[in-house]
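Proteins come first, then strands; the chains are lettered A, B, ... in the order of their sequence lines, and each starts at number 1. Just so it is clear, the values below take in all heavy atoms, side chains as well, and ignore hydrogens, waters and symmetry mates.
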Amino acid sequence: MEDIKEKLQGLILQALKIGVEKGELRRVPVPPVELEAPKLPAHGDFATNVAMAMAGLQKRPPREVAQTILNAINDTDHLLARTEIAGPGFINFFISNEYWHRVLRQIHESDYAYGRSDIGKGRKIQIEFVSANPTGPLHVGHGRGAIVGDALCSILRASGYEVEKEYYINDSGRQIHTLGLSVFLRYQEFHGASIDFPADCYQGDYIRETAQAVAEKEGRHLLEISEDEAVAFCAKFAASNILNGIKQDLIDFGVTFDNWFSEQSLFDTGAVDKALQSFKDQGTIYEKDGALWFRTTDFGDEKDRVVVRTNGITTYFASDIAYHRDKLRRKFDRIIDIWGADHHGYIPRISACVEAMEYEKEKLKIILIQLVNLLRGGNPVAMSTRAGEFVTLRAVIDEVGRDAARFIFLTRRYDSPLDFDLELAKRQSNDNPVYYVQYVHARISSILRKAHADGIKPPSSGDSVDLTQLKEPEELALIKCMAHYPAVAAESAKLMEPHRIPFYLTELAATFHSYYNKHRVLTDERTLTAARLYMVSAVRIIVRNGLQLMGVAAPETM
RNA sequence: GCGCCCAUAGCUCAGUGGAUAGAGUGCCGGACUACGAAUCCGUAGGUCGCAGGUUCGAAUCCUGCUGGGCGCGCCA
């Protein structure tokens with residue numbers, strides 16, 4: 001596919017070469033030719049600072065260098081309508097309408113593939129996210145991580161990366177034991193026992209519900225076996241029960257995974273023992289004060305970390321070492337962990353583990369999602385799984401809707417904290433920007449329906465359309481905006497920043513709505529109508545593709 | 001105390017070392033007898049937290065400070 005920017009870049013590079021050959025430019029290293037889209041239309045479609053960047057080594061004023069470059073440009077294909085030298089030495093380029101019109105053909109030809117690229121071709125990425133403990137339902141904070149991870153995956157896949165999504169289930173260790181104990185106590189209560197329920201047990205109503213389910217299934221059976229056995233049974237039952245709920249919540253939120261990786265399986269297969277042994281052999285794990293320590297200080301951590309306690313029980317870090325060792329050996333080019341920002345203190349020890357295995361530190365990227373502050377009418381809502389005080393993700397989806405919730409989560413950089421006001425979200429669900437964008441899709445669909453009803457056939461191929469009909473400033477602005485989409489999608493993937501997609505779509509929507517209010521698509525002139533139908537269908541293609549990356553519906557009607 | 005993240009319009013937030021820093025929302029005032037008014041047009045609103053530095057040029061990069069969030073366990 002022909003890219004205007006690349007073509008222009010080629011012209012400039014060629015001009016530089018000619019300049020040198022003619023002896024008009026010194027034979028010195030040239031800086032990279034960077035082209036940017038200026039904010040002001042008066043500054044052209046593209047501008048470059050290359051003349052300013054070269055001025056020093058050329059020992060000539062920037063504007064003079066710029067003129068030399070322009071003189072040497074050989075625009076045989078008439079890509080440029082006009083050029084100018086501006087300000088301190090910018091070169092501004094104005095692309096001819098003909099080339100902008102070609103963008104519409106590209107969009108139609110590419111259709112679903114418009115905005116896709118192969119910049120990640122041949123690269124395998126593993127991305128692990130959510131990984132909430134199966135000790136309680138998902139809450140809003142998990143929702144943010146889920147959506148960012150899910151969208152990131154779609155964005156990377158659209159750029160040619162091969163991506164695998166994984167959920168790490170912490171179905172082992174102390175919190176699972178506490179979960180089992182909590183359920184068992186409620187179970188005993190259910191059978192009439194008077195229980196002094198400990199404060200460090202899980203307090204939520206879902207514990208009672210689970211206990212009741214256990215009672216329905218097992219009757220009084222658990223009262224007749226040893227407490228250890230009973231607690232273990234409850235733990236397994238509850239964890240699996242809760243995990244099923246989590247899976248359902250994620251499905252309803254449109255989030256899917258390729259793998260569900262169990263922490264317990266690392267113990268069952270001996271992976272933890274093997275990992276610890278391997279580091280012991282290597283000398284990275286040593287014994288002190290009756291415990292086993294990982295030498296994380298060798299890799300920049302502030303202190304060494306315990307992997308096996310004096311009581312012989314492994315720490316969470318031990319499973320995590322084994323888990324990351326497993327992931328690293330699965331031959332990915334890169335593995336990504338998405339964590340809540342409150343886990344940032346954990347980064348040095350896990351990257352120590354990566355380095356101890358002699359992988360490059362960059363092999364593992366950790367994305368920290370800042371916390372979601374839950375508010376109700378401006379007042380903070382306490383959030384604690386253990387205390388049973390939280391608003392579930394399900395409640396939020398039910399209240400504000402899946403599309404609106406996804407859009408809210410994605411319309412912010414993940415590294416800045418998010419205030420999520422339930423009342424505001426509910427009230428704003430009607431003027432959430434998501435509807436602004438979706439409305440474009442519905443509106444264009446409606447125009448096409450109307451055209452069909454009036455017996456107007458949309459152009460079947462770009463060749464049959466007279467695109468020179470499209471010359472209104474609003475039309476060219478719309479086409480230029482559309483032309484940016486592939487770059488936005490690629491940039492979003494390269495920087496791993498999903499928020500760029502919704503911001504772009506909002507801008508495209510604004511440009512479209514503005515155009516729509518000023519000009520009619522269906523006019524009395526046949527060729528003009530055909531050209532405009534061709535153009536707005538192209539807008540619809542981009543909106544649909546962009547929303548698809550976000551996991552948001554593109555409705556025909558609203 | 002140490003570490004990580006953040007600070008841009010009243011509020012919520014974008015912003016690629018570039019030219020006059022932008023949206024949404026809220027306030028005020030306008031636009032449907034035509035393809036969907038979930039839309040559009042206009043007015044007002046700024047010490048880019050503060051102070052230095054780097055350079056032709058800094059909201060953007062560097063240093064220090066201030067303010068806020070989070071973390072600093074043989075918990076997970």
Side-chain angles (χ1 to χ4, degrees), chain A residues 34-40 42-43 47-49 52-53 55-56 61-62 86-90 92 133 135 170 172-176 178 200 263 288-293 302-303 305-317 319-320 340-348 368-371 373 378 408 411-419 421 424 428 430-440 442-451 453-454 456 487 491 495 499-500 502-504 506-507 509-510 512-523 529 532-533 536 557-558:
Chain A
E34 283 170 24
L35 286 169
E36 55 145 25
K39 275 174 280 191
L40 275 75
H43 292 149
T48 182
N49 64 349
M52 282 138 79
F90 290 104
N92 296 338
N133 291 349
T135 53
N170 298 123
S172 171
R174 211 173 76 172
Q175 86 281 5
I176 290 294
T178 306
D200 61 355
E263 179 187 3
K288 193 185 84 179
D289 305 332
L292 287 183
W293 300 71
E302 15 178 82
K303 52 175 285 196
R305 308 291 174 174
V306 171
V307 286
V308 181
R309 302 193 284 250
T310 29
N311 63 9
I313 294 173
T314 57
T315 61
Y316 176 82
F317 182 39
S319 336
D320 237 1
D342 52 340
H343 287 79
H344 73 258
Y346 203 74
I347 294 176
L368 292 177
I369 310 273
Q370 287 297 319
L371 302 188
N373 299 314
I408 289 172
T411 316
R412 267 149 190 103
R413 302 178 54 96
Y414 54 69
D415 57 7
S416 95
L418 163 59
D419 287 332
D421 193 306
L424 217 61
Q428 279 190 345
N430 276 331
D431 46 45
N432 187 303
V434 72
Y435 300 112
Y436 185 76
V437 174
Q438 286 181 320
Y439 188 45
V440 173
R443 214 172 203 183
I444 295 170
S445 301
S446 175
I447 295 170
L448 296 174
R449 279 193 300 271
K450 176 87 162 72
D454 292 353
I456 303 168
E491 200 74 356
L495 300 172
H499 75 275
R500 288 169 185 272
F503 276 99
Y504 167 79
T506 306
E507 191 190 324
F512 171 77
H513 284 313
S514 179
Y515 168 71
Y516 177 90
N517 272 273
K518 196 159 176 189
H519 302 284
R520 286 186 58 81
V521 174
L522 306 176
T523 67
T529 301
R532 288 185 172 171
L533 280 173
V536 298
T557 58
M558 292 173 70

In whole angstrom, give the distance that lies between atom [atom1] of [X] and atom [atom2] of [N].
| X | N | atom1 | atom2 | result |
| --- | --- | --- | --- | --- |
| A:Glu302 | B:G71 | CD | C1' | 10 Å |
| A:Glu36 | B:G18 | CD | C1' | 6 Å |
| A:Asp454 | B:C35 | CG | P | 11 Å |
| A:Tyr516 | B:A31 | OH | P | 19 Å |
| A:Phe512 | B:C35 | CZ | P | 13 Å |
| A:Arg174 | B:C74 | CZ | C1' | 11 Å |
| A:Gln370 | B:G69 | CD | P | 13 Å |
| A:Ile347 | B:C4 | CD1 | P | 10 Å |

If you look at every strand shown and take non-hydrogen atoms under 4.0 Å, does [X] touch a base, only sugar-phosphate, or nothing?
| X | value |
| --- | --- |
| A:Ala47 | base |
| A:His499 | sugar-phosphate |
| A:Lys303 | sugar-phosphate |
| A:Thr315 | sugar-phosphate |
| A:Asn92 | base |
| A:Asp415 | sugar-phosphate |
| A:Thr523 | nothing |
| A:Ala451 | nothing |
| A:Ala442 | base |
| A:Asn133 | sugar-phosphate |
| A:Glu507 | nothing |
| A:His344 | base |

Short N/O separations, protein against nucleotides 20-24 of chain B, under 3.5 angstrom:
none

Pair of N/O donor and acceptor under 3.5 Å linking B:A76 base with A:Asp342 side chain = no
task = Using modelled atom types only, decide if a donor and an acceptor are shared between the side chain of A:Thr315 and the backbone of A:Val308 within a distance under 3.5 Å.
result = no
query = Can you tell me if A:Asn311 uses its side chain to pair, donor with acceptor, with the backbone of A:Ile313 under 3.5 Å?
reply = yes
ask   = Hey, does A:Phe90 have a side-chain heavy atom less than 4.5 Å from the side chain of A:His43?
value = no
inquiry  = Is any side-chain heavy atom of A:Ile447 closer than 4.5 Å to one of A:Leu522?
reply    = yes
request  = Look through every strand shown and name the nucleotide pairing with B:A51 as Watson-Crick or G-U wobble, where both distances are under 3.5 Å.
outcome  = B:U63
message = Suppose we define a pair by two distances each less than 3.5 Å, Watson-Crick or G-U wobble; what does B:C72 pair with here?
response = B:G1
Search all heavy atoms of [X] against all heavy atoms of [Y] and return the closest pair with its distance.
| X | Y | result |
| --- | --- | --- |
| A:Tyr436 | A:His513 | O-NE2, 3.2 Å |
| A:His499 | A:Arg412 | CB-O, 3.7 Å |
| A:Pro88 | A:Pro62 | O-CB, 3.4 Å |

Out of B:U39, B:C35, B:G36, whichever nucleotide has its closest atom nearest the side chain of A:Arg449 = B:G36
Using the [atom1] atom in both, what is the distance from [N] to [M], to the nearest Å?
| N | M | atom1 | result |
| --- | --- | --- | --- |
| B:G49 | B:U8 | C1' | 10 Å |
| B:A7 | B:U16 | P | 12 Å |
| B:G24 | B:A44 | P | 15 Å |
| B:G26 | B:C11 | C1' | 8 Å |
| B:U60 | B:G64 | P | 16 Å |

Within the structure, does a side-chain N or O atom of [X] lie under 4.0 Å from either OP1 or OP2 of [N]?
| X | N | result |
| --- | --- | --- |
| A:Arg305 | B:G73 | no |
| A:Arg309 | B:G73 | no |
| A:Thr411 | B:A14 | no |
| A:Tyr439 | B:A38 | yes |
| A:Arg413 | B:G15 | yes |

query = Which comes earlier along RNA chain B counting from the 5' end, the contact point of A:Ala341 or that of A:Ser446, where each point is its nearest nucleotide?
reply = A:Ser446
query = 5'-most contact on RNA chain B: A:Met52 or A:Ile447, nearest heavy atom basis?
reply = A:Met52
Once you round to the nearest 0.5 Å, how far does [atom1] of [X] lie from [atom2] of [Y]?
| X | Y | atom1 | atom2 | value |
| --- | --- | --- | --- | --- |
| A:Asp320 | A:Thr314 | CG | OG1 | 11.0 Å |
| A:Lys288 | A:Thr310 | NZ | OG1 | 12.5 Å |
| A:His519 | A:Arg532 | NE2 | CZ | 6.0 Å |
| A:Asn133 | A:Gln175 | CG | CD | 4.5 Å |

inquiry  = Checking one value: the base orientation of B:C50, syn if chi is within 90 degrees of 0, otherwise anti.
reply    = anti
Please produce a list of atom pairs where a protein N or O lies less than 3.5 Å from an N or O of nucleotides 7-12 of chain B.
| from | atom 1 | to | atom 2 | distance (Å) |
| --- | --- | --- | --- | --- |
| B:U12 | O2' | A:Arg412 | NH2 | 2.3 |

